[in-house]
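Following: one structure in structure tokens, then a few remarks.
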Number of protein chains: 2
Amino acid sequence: MPERSTKDRILNAAETLFALNGASGASLRAITQRAKVNLAAVHYHFGSKDRLLEAVLARRLLPLNAERIRCLEACQKEAGRKKVRLENVIEAMVGPALRLSRDENKGGRIFMRLLGRLVLEPDARVQRLLTGQFETVLKKFKPALTAALPHLEHKVFFWRLHFLVGSMAHTMADSERIQLISGGVCDPNDTEGTIECLVTFLCGGLRAK
Amino acid sequence: MPERSTKDRILNAAETLFALNGASGASLRAITQRAKVNLAAVHYHFGSKDRLLEAVLARRLLPLNAERIRCLEACQKEAGRKKVRLENVIEAMVGPALRLSRDENKGGRIFMRLLGRLVLEPDARVQRLLTGQFETVLKKFKPALTAALPHLEHKVFFWRLHFLVGSMAHTMADSERIQLISGGVCDPNDTEGTIECLVTFLCGGLRAK
DNA sequence: GTTTGTTTCAAACGTACGTTTGAATCAATT
DNA sequence: AATTGATTCAAACGTACGTTTGAAACAAAC
């Protein structure tokens with residue numbers, strides 16, 4: 001987290017406090033205090049608390065989804081004429097997200113917890129932003145998914161996609177409860193192990209009859 | 001929702017507004033106004049805003065978990081000496097929750113959205129309550145699950161349980177996005193269809209190799 | 001060294017919050 | 001009808017909030 005500019009300092013502090021206390025639970029006074037910045041700086045640089053939240057989201061979401069699409073296209077190119085394996089498609093979907101959620105240099109766990117919270121936030125602006133982002137990704141992934149799962153009827157396909165999102169979001173957002181309930185057996189810091197385990201689970205579920 | 005007493009009216013209004021706006025986003029003024037009750041009534045009947053939230057949770061969670069355990073024991077009794085099928089164990093786990101989340105008389109979607117939000121709430125008192133509840137259920141279900149999934153090593157078992165919770169929570173909490181992304185093909189009001197679809201997916205994932 | 005535009009600052013604005021208070025109202029008992 | 005205890009009520013308490021303001025500090029160009 002390079003904390004050079006006032007803007008960056010505000011974004012980092014806001015990301016953390018939004019994630020910990022929710023959008024309405026985090027005050028600008030707490031954020032600016034944490035960022036070691038004057039209270040009015042938020043309005044100078046971002047205009048309002050709402051637009052600060054948007055900026056926090058955009059900073060992480062845009063690169064994440066770009067990376068997802070890059071991964072998908074890479075494994076499509078590698079497969080050439082052959083069918084892309086379901087495992088590879090799913091890995092392109094959840095891999096970048098989990099790697100981001102474990103990379104403390106890029107917001108890491110904190111940002112993912114925020115994302116998990118915002119999925120249930122009814123604020124219209126937030127929902128428009130999130131749904132818009134998700135649809136972009138889904139549009140790219142849908143052909144590859146249906147090709148790898150030809151036997152699934154439309155309805156079941158969408159439901160299973162929904163379940164997938166749930167597992168993924170929960171895994172990204174919550175890295176404490178898994179340690180608690182497993183008695184420390186599971187290590188959420190083993191990112192690649194977690195991804196592999198999740199991909200196996202999801203492919204099993206998606207292929208189920 | 002029988003709205004006889006002041007207490008019940010407060011609980012119902014609080015459940016709705018906590019779910020919609022978050023714990024800190026819902027004000028007592030909005031809650032009491034919705035409940036058509038005096039502002040001071042909250043403190044008279046519950047003591048504080050925090051304790052109101054606790055009461056909202058306890059009212060739904062205790063019966064839900066009792067019902068889960070009842071279902072599990074019923075299908076264990078029915079199986080007798082034979083092994084209980086994984087499908088039946090999973091159904092006992094997610095069925096009652098989804099039925100509750102679709103039963104408007106018992107809080108329904110609203111309560112489940114609240115639950116989804118609170119899973120990520122770092123407030124210590126809330127976490128203690130939720131984790132305590134979850135552990136009670138897990139303790140009952142773990143033997144049945146390991147018996148139905150003997151080939152799974154410890155670590156993978158817990159991870160998959162974690163993924164299961166994610167799918168379930170997401171499905172319970174969010175009944176709008178599935179309609180949006182499926183273009184209306186999926187109907188979250190078809191409770192039993194949703195449960196069947198989810199159970200199939202989860203069993204596929206849990207059994208995956 | 002003055003000017004210009006950008007960024008920071010302390011202070012204040014009005015509003016909404018959770019909570020407290022003490023009197024008014026109500027229902028049941030004597 | 002009077003008394004009691006539980007409940008409701010309007011009003012106010014102090015605090016914290018998002019936002020605005022206008023001056024100070026700073027940096028770059030002339």
Side-chain angles (χ1 to χ4, degrees), chain A residues 1-59 114 117-118 121-127 129, chain B residues 1-59 114 117-118 121-127 129:
Chain A
M1 278 192 269
E3 296 228 340
R4 287 217 276 298
S5 69
T6 300
K7 249 178 150 165
D8 280 339
R9 289 222 302 284
I10 293 175
L11 283 173
N12 289 335
E15 184 170 66
T16 301
L17 293 183
F18 279 148
L20 289 181
N21 306 323
S24 55
S27 73
L28 291 186
R29 281 172 171 80
I31 291 171
T32 52
Q33 193 173 331
R34 186 188 176 94
K36 295 196 175 81
V37 145
N38 188 273
L39 173 58
V42 169
H43 293 85
Y44 178 76
H45 286 285
F46 299 95
S48 72
K49 190 184 180 183
D50 279 349
R51 296 233 292 282
L52 170 60
L53 177 59
E54 282 183 44
V56 167
L57 285 184
R59 180 170 68 147
L114 173 59
R117 270 178 170 269
L118 293 183
E121 190 94 31
D123 177 276
R125 201 189 255 145
V126 172
Q127 282 311 316
L129 206 158
Chain B
M1 277 189 268
E3 296 229 339
R4 286 216 276 296
S5 68
T6 300
K7 249 178 150 164
D8 280 339
R9 290 223 301 286
I10 293 176
L11 283 173
N12 289 336
E15 184 171 65
T16 301
L17 293 183
F18 279 148
L20 290 181
N21 307 323
S24 55
S27 73
L28 291 186
R29 281 171 171 81
I31 290 171
T32 51
Q33 193 173 330
R34 185 186 177 96
K36 295 193 174 81
V37 144
N38 187 272
L39 174 58
V42 169
H43 292 86
Y44 177 76
H45 287 285
F46 298 96
S48 71
K49 189 183 180 182
D50 278 349
R51 295 233 292 282
L52 171 60
L53 177 58
E54 282 183 44
V56 167
L57 286 183
R59 180 170 68 146
L114 174 59
R117 271 178 170 270
L118 292 183
E121 190 93 32
D123 176 277
R125 202 191 255 143
V126 172
Q127 283 311 315
L129 205 158

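Throughout, a chain's letter reflects where its sequence line sits, starting with A, and its residues are numbered from 1.
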Does anyone know the first and last nucleotide of DNA chain D in reach of chain A, 5' to 3', at under 4.0 angstrom to a heavy atom? dC17(D) to dT21(D)
Relative to the 5' end of DNA chain D, which residue comes earlier, Ala26(A) or Ala41(B), by the nucleotide with the nearest heavy atom? Ala41(B)
With the side chain counted from C-beta on, respond yes when Phe46(B) and Lys7(B) share a heavy-atom pair under 4.5 Å apart, and no when they do not.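 Counting from C-beta outward, Phe46(B) and Lys7(B) do come under 4.5 Å.
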Within the structure provided, determine whether Lys49(B) and Val42(B) are in side-chain contact (heavy-atom separation under 4.5 Å).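 Side chain of Lys49(B) against side chain of Val42(B), heavy atoms only: no contact under 4.5 Å found.
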dT8(C) C1' sits how many Å from Lys36(A) NZ, rounded? 17 Å
Distance-only, no hydrogens or angles: does the Glu15(B) side chain make a donor-acceptor pair with backbone N or O of Leu57(B) under 3.5 Å?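 No, because the side chain of Glu15(B) does not come within donor-acceptor range (under 3.5 Å) of the backbone of Leu57(B).
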Neighbours of DNA chain C within residues 47-57 of chain A, by heavy-atom distance under 4.0 Å: none
Who pairs with Ala14(B) by side-chain contact (heavy atoms from CB on, under 4.5 Å), at least two apart in sequence or on another chain?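 With sequence neighbours excluded, Ala14(B) shows a side-chain contact (heavy atoms from CB on, under 4.5 Å) to Phe18(B), Ile31(B), Leu52(B), Val56(B), given in chain and number order.
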Using a distance-only test with no angle check, is there a side-chain donor-acceptor pair under 3.5 angstrom linking Arg117(B) and Asn21(B)?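 Judged by distance alone, the side chains do not pair up.
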[atom1]-[atom2] distance between [X] and [Y], expressed to the nearest 0.5 angstrom:
| X | Y | atom1 | atom2 | answer |
| --- | --- | --- | --- | --- |
| Arg59(B) | Leu11(B) | CZ | CG | 4.5 Å |
| Thr6(A) | His45(A) | OG1 | NE2 | 5.0 Å |
| Arg51(B) | Leu53(B) | CZ | CG | 12.5 Å |

Quick one: label Ala30(B) by what it contacts on the DNA or RNA (base, sugar-phosphate, nothing), any heavy atom closer than 4.0 Å. nothing
Just checking Ala40(A): base, sugar-phosphate only, or nothing, at a heavy-atom cut-off of under 4.0 Å?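 Touches a base.
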Heavy-atom nearest nucleotide on DNA chain C for Tyr44(A) versus Leu39(A): which residue maps closer to 5'? Tyr44(A)
